[in-house]
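The block underneath contains the structure these notes are about, expressed in structure tokens.
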Amino acid sequence: MSESKTLFDCSDGSREEAITSEIVFDHNLDRSFSYIVPEELGEIKPGQRVKAPFGKGNKKLNGFCISSEKTSNTKGLKRLSKIIDSSPLLTPELLELANWLSLYYVCPLGQVLSAMLPAGVKKGQGFVQKRFIKLNCSNIHEARKIYEKLREGSKQKSLVRILIIEHAFVASGGIESSELVKQAETTSQTLKNLINTGAAVSEKRAVLKSVQEQTVVEEPDITLNSSQEKSIEQINQKIDESAFGVFVLHGVTGSGKTEVYIRALANAVEQGKKGIILLPEIALTSQTILRFQKRFKRLAVLHSGLTEAQRASQWHKIKLGRADVIIGARSAVFAPCSNLGVVIVDEEHESSYKQDTAPRYNARDTAVKRAQIENAACILGSATPSFESYFNCKRKEHFKLLNLPERVEKRPMPQMQEVDMSGRRSFMSEFMIGEKLKEALESSLGSGEQAILLLNRRGYSNFIYCPECGHTIHCRNCDASLKFHLSEVLNQNSTEGLYNTSGLALCHYCGSRTLVPKRCPICTRQLTMRGSGSQKLQMELADKFPKAKIARIDTDSMKGKDYRELIEAFSKHEYDILAGTQMLAKGLHFPNVTLVGIVNADTSTSSSDFRSAEKTFQLISQVAGRTGRGSKPGKVIIQTAKPDSPAVKFAKLHDYDGFYKNQIPMREMLGLPPFRKQALVQVRNEKKTRAEEDAEEAAEILSSIIKTNGIDIRLKGPFEPAIGRIGREFRMNILLNAASPFVMMSFLTKARFSEIRRVRSKLFFDIDPLF
DNA sequence: ATACTGGATTTG
DNA sequence: AAATCCAGTATC
Ligand SMILES: [Zn+2]
Ligand SMILES: [Zn+2]
């Protein structure tokens with residue numbers, strides 16, 4: 001209606017002064033759009049969401065206001081339909097962060113802003129309507145009159161008594177109705193009757209949906225050792241000065257990093273500031289959360305176990321300033337608090353901090369940037385810092401390395417032993433437990449102790465294959481073989497007898513599920529499931545240790561509850577051996593575990609991954625940190641095909657710095673991170689030839705920009721990635737390698753608005769990719 | 001992204 | 001001639 005008016009009625013719109021606003025939307029268009037802000041909508045501020053008519057059909061889209069101005073140049077502009085939020089959802093600092101993310105990660109600003117808000121917040125969840133009751137009078141004298149009129153001992157009288165005690169008069173907020181009814185030990189009907197007499201009134205208000213909170217006993221502070229003291233002193237100095245600084249806190253498991261985090265957070269809170277602590281999703285267990293709950297009363301938790309509404313409620317709690325400390329996974333780096341004192345990233349080397357959909361941000365680097373914007377301290381903690389972070393301490397002004405060399409209570413590091421599996425032909429395919437590991441298990445179990453076996457997922461997968469001709473079932477949409485998953489199989493009647501009834505074939509890449517044929521489509525023999533790696537490991541253990549009780553943890557197939565129950569049972573020694581595919585969450589104490597076996601330490605599957613040695617070192621070191629906890633000395637057995645590799649040798653010696661110094665010359669020589677920055681440009685098209693042609697074209701455009709501007713960037717490709725086709729689309733990669741982050745960012749800012757937009761295939765940018 | 005164009009190609 | 005496909009184009 002109003003749109004058609006603006007179409008013809010140009011004289012009216014183009015002459016007069018009006019407020020216009022730049023709006024960005026959550027779509028792939030890498031630009032903003034101008035709209036007229038109709039006067040009746042009131043003032044508009046950056047960070048508010050709006051509804052705006054968009055495109056030919058004037059479809060109403062949600063967008064974000066990023067700026068506004070007064071102008072008479074309103075020709076051809078449409079009018080905003082609505083301002084959704086009464087106040088901006090994002091602080092100015094978060095808007096600045098969004099801008100940086102958009103530039104650095106080559107992502108439309110609207111997509112960044114959308115990713116910063118939880119889905120529930122965008123849907124307006126997080127609040128519930130509650131009724132509040134107050135006495136229909138303005139002071140205690142009138143209240144007394146009401147009270148005295150009521151019959152002694154009546155339930156209505158006890159309701160009024162509570163209302164008087166709480167001073168719930170007309171001008172007050174009142175008492176929440178169910179809470180009042182509970183306190184007065186009466187029913188909602190009695191309350192209704194009281195309201196009907198006119199003595200009390202009820203008022204509806206939206207309040208934060210409560211997330212069930214445990215009442216916890218506060219714990220006293222632990223005494224710090226000297227290196228902890230030295231670390232916290234430097235961190236607190238930055239917090240006290242409201243100055244930006246990044247601290248890489250290097251300390252093995254058990255060296256007391258968490259206590260340093262808690263002190264830094266507590267100091268920020270004491271100064272009236274806020275703190276954020278990020279943990280990898282798998283480390284966000286109830287035990288970890290509890291540790292922070294014990295110390296911080298006003299804690300907000302953002303983890304994947306929450307429903308959308310619960311998450312929205314936590315978000316609003318933060319927004320309203322009712323949380324001092326925020327604990328959460330990757331996206332908690334966008335927690336909407338103001339006056340931030342410290343941001344902590346625990347296990348900063350973890351690759352799960354990188355988001356694999358747009359915006360492809362790394363929460364660790366985002367945390368550093370946020371701290372810089374907010375003049376806050378940033379702590380990056382790890383037993384095995386990423387080379388990037390360690391390197392930054394040596395090269396960058398604002399980075400400082402803090403070491404926690406000793407383990408608290410002087411627990412000894414475990415004894416490490418590597419076992420060479422390189423000559424063993426059928427290792428992993430036929431057997432997973434070598435003689436040395438078997439002996440060690442026997443001796444541990446013999447003395448009534450427990451053991452953990454870690455199976456590195458990369459080494460093994462549960463393909464569906466034909467034992468006769470070797471044929472494997474491939475995904476119809478991807479260049480990938482399908483994995484067998486136990487599940488309910490529906491629609492049996494029509495395909496009776498032809499398909500496996502106990503499970504489905506799942507594609508790890510596109511998520512498609514298909515029925516599994518019983519017989520090989522090539523030679524008609526029976527197909528076999530290889531079973532998951534951990535299933536196979538469990539069977540081998542059961543075979544070799546018939547008397548032992550064995551628990552298996554499969555993170556893929558396990559619900560949170562089962563997982564917790566199993567962990568609980570294991571800690572009570574209801575099991576002897578725990579076999580799993582994933583590193584167990586930190587903070588778990590198994591004092592009776594004296595042996596940890598790494599079934600296959602070698603992480604890399606593709607040789608192109610220059611980080612594979614770093615990953616192996618991290619894996620072994622993380623495991624080592626988990627043993628030798630209690631009084632008994634720990635032992636770690638490392639089965640590996642590369643026993644002489646630096647990763648294994650230095651991990652055995654618990655020598656991080658030695659490993660770094662061993663590896664870093666190679667990185668420098670090859671021009672790899674942390675010396676240079678990488679970015680991946682991916683071209684996708686359903687037609688292979690088009691993907692290839694367009695990738696060539698894109699590479700040429702990029703090359704010419706590099707050449708004409710004399711930029712220090714090396715371009716590799718286009719080349720086909722390991723998985724050439726995913727979800728029906730063929731992919732071609734172009735790898736960029738820049739002298740510095742600044743060089744990369746300024747080049748990509750040029751490139752994203754260049755001729756490359758002419759390329760018809762879809763383009764994807766992945767900055768600082770992890771392979 | 002998404003909707004819509006106009007022209008080319010297929011189809012009955 | 002109608003239906004379908006496809007590449008190109010604009011989106012305030
Ligand atoms: Zn076969
Ligand atoms: Zn697939």
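To find a chain, count down the sequence lines: A is the first, B the second, and so on, and within it residues start at 1. Remember, it's a predicted structure, so these values are computed and weren't measured experimentally.
- Rounded to whole Å, atom C1' of C/dA10 lies 9 Å from atom CG of A/Leu29.
- Between A/Lys60 atom NZ and B/dA3 atom P there is a gap of 16 Å when expressed in whole angstrom units.
- Look at CG on A/Leu61: it is 12 Å from C1' on B/dA3, rounded to the nearest Å.
- Counting any heavy atom pair closer than 4.0 Å across all strands shown, A/Gly55 reaches sugar-phosphate atoms only and no base atom.
- Contact annotation: A/Lys78 side-chain N/O to C/dC12 OP1/OP2 distance is under 4.0 Å.
- Picking from C/dA7, C/dT11, B/dC4 the nucleotide with the shortest atom distance to the side chain of A/Phe54 gives C/dT11.
- The listed nucleotides are C/dC12, B/dC4, C/dA7; the one nearest the side chain of A/Leu77 is C/dC12.
- Following rounding to the nearest Å, A/Asn685 (CG) and C/dG8 (P) show an atom-to-atom distance of 12 Å.
- Atom CG of A/Asn58 and atom P of C/dC12 are 7 Å apart (whole Å).
- An OP1 or OP2 oxygen of C/dG8 is reached within less than 4.0 angstrom by a side-chain nitrogen or oxygen of A/Arg760.
- Of the two residues near DNA chain B, A/Gln111 and A/Lys56, the one whose nearest nucleotide lies more 5' is A/Gln111.
- Annotation: cation-pi geometry satisfied between A/Arg725 and A/Phe730 (NZ/CZ under 6.0 angstrom from ring centroid, within 45° of ring axis).
- In this structure, A/Phe334 and A/Thr366 have side chains that are in contact, with non-hydrogen atoms separated by less than 4.5 Å.
- When the C1' atom of C/dT11 is taken as reference, atom CZ of A/Arg757 falls 12 Å away, rounded to whole Å.
- Distance A/Phe33 CZ to C/dT11 P: 8 Å, rounded to the nearest Å.
- Contacts classified as ring-ring contact (aromatic ring centres under 6.0 Å, His included) and involving residues 22-60 of chain A (residues at least two apart or in different chains) are given here: A/Phe25-A/His27, A/Phe25-A/Phe54, A/His27-A/Phe54, A/Phe33-A/Phe54.
- For residues 359-372 of chain A, the salt bridge (charged side-chain N to carboxylate O under 4.0 Å, His left out) pairs, not counting sequence neighbours, are A/Glu348-A/Arg364, A/Arg370-A/Glu374.
- To the nearest angstrom, P of C/dC12 lies 16 Å from CG of A/Asn73.
- A/Phe771 and A/Phe610 have perpendicular rings, their planes meeting at more than 60° on a 0 to 90° scale where under 30° would count as parallel.
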